[in-house]
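Throughout, residue positions are numbered sequentially from 1 according to the sequence presented.
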Amino acid sequence: MHPKKPGDKVKTDKRDALKLAKLLKSEDLTPIYVTDPEDEAIRDLSHARETAMKDLKDAKYQLSK
């Protein structure tokens with residue numbers, strides 16, 4: 001085995017796995033929800049609608065002034 005040079009990356013997969021296992025056991029991990037493509041599409045549509053409604057409101061305001 002060759003000596004490690006300063007700055008060489010050290011594999012920490014095993015250490016990381018042990019840390020994650022301990023956090024999971026102690027219930028210190030927070031669950032998250034990963035959106036699927038359908039949820040993303042609905043969110044994008046909702047944002048587009050909000051933007052369109054704001055643009056419409058702004059245009060009506062400009063016309064009235």
Side-chain angles (χ1 to χ4, degrees):
M1 193 166 155
H2 300 286
K4 298 266 184 211
K5 296 178 187 173
D8 277 357
K9 291 209 175 221
V10 178
K11 292 262 185 179
T12 60
D13 293 344
K14 187 174 180 178
R15 225 179 308 160
D16 291 344
L18 287 171
K19 185 175 181 180
L20 284 171
K22 287 177 185 175
L23 288 170
L24 184 62
K25 185 176 180 182
S26 65
E27 298 180 354
D28 286 333
L29 292 177
T30 305
I32 62 166
Y33 175 74
V34 178
T35 58
D36 58 16
E38 283 181 6
D39 289 338
E40 288 285 333
I42 290 171
R43 191 179 75 181
D44 290 345
L45 183 62
S46 176
H47 285 296
R49 183 182 185 281
E50 286 177 20
T51 301
M53 296 301 286
K54 183 186 176 301
D55 291 347
L56 179 62
K57 182 180 172 185
D58 292 347
K60 283 182 180 180
Y61 179 77
Q62 282 185 341
L63 283 174
S64 70
K65 298 299 170 193

Find the distance between [atom1] ([X]) and [atom2] ([Y]) and round it off to the nearest 0.5 Å.
| X | Y | atom1 | atom2 | result |
| --- | --- | --- | --- | --- |
| D28 | L23 | CG | CG | 6.0 Å |
| H47 | R43 | NE2 | CZ | 5.0 Å |
| E50 | L45 | CD | CG | 10.5 Å |

For E40, is the CD atom crowded, meaning more than 12 foreign heavy atoms sit under 6.0 Å from it?
yes
How close do T35 and D39 get, counting heavy atoms only, and between which atoms?
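Smallest heavy-atom distance, with atoms named: CB-CB, 4.0 Å.
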Does the pair K54/D58 count as a salt bridge with the N-to-O cut at 4.0 Å?
yes
Could you list the residues that satisfy side-chain hydrogen bond (donor to acceptor under 3.5 Å, both in side chains) with D16, not counting sequence neighbours?
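Checked D16 against side-chain hydrogen bond (donor to acceptor under 3.5 Å, both in side chains); matches are T12.
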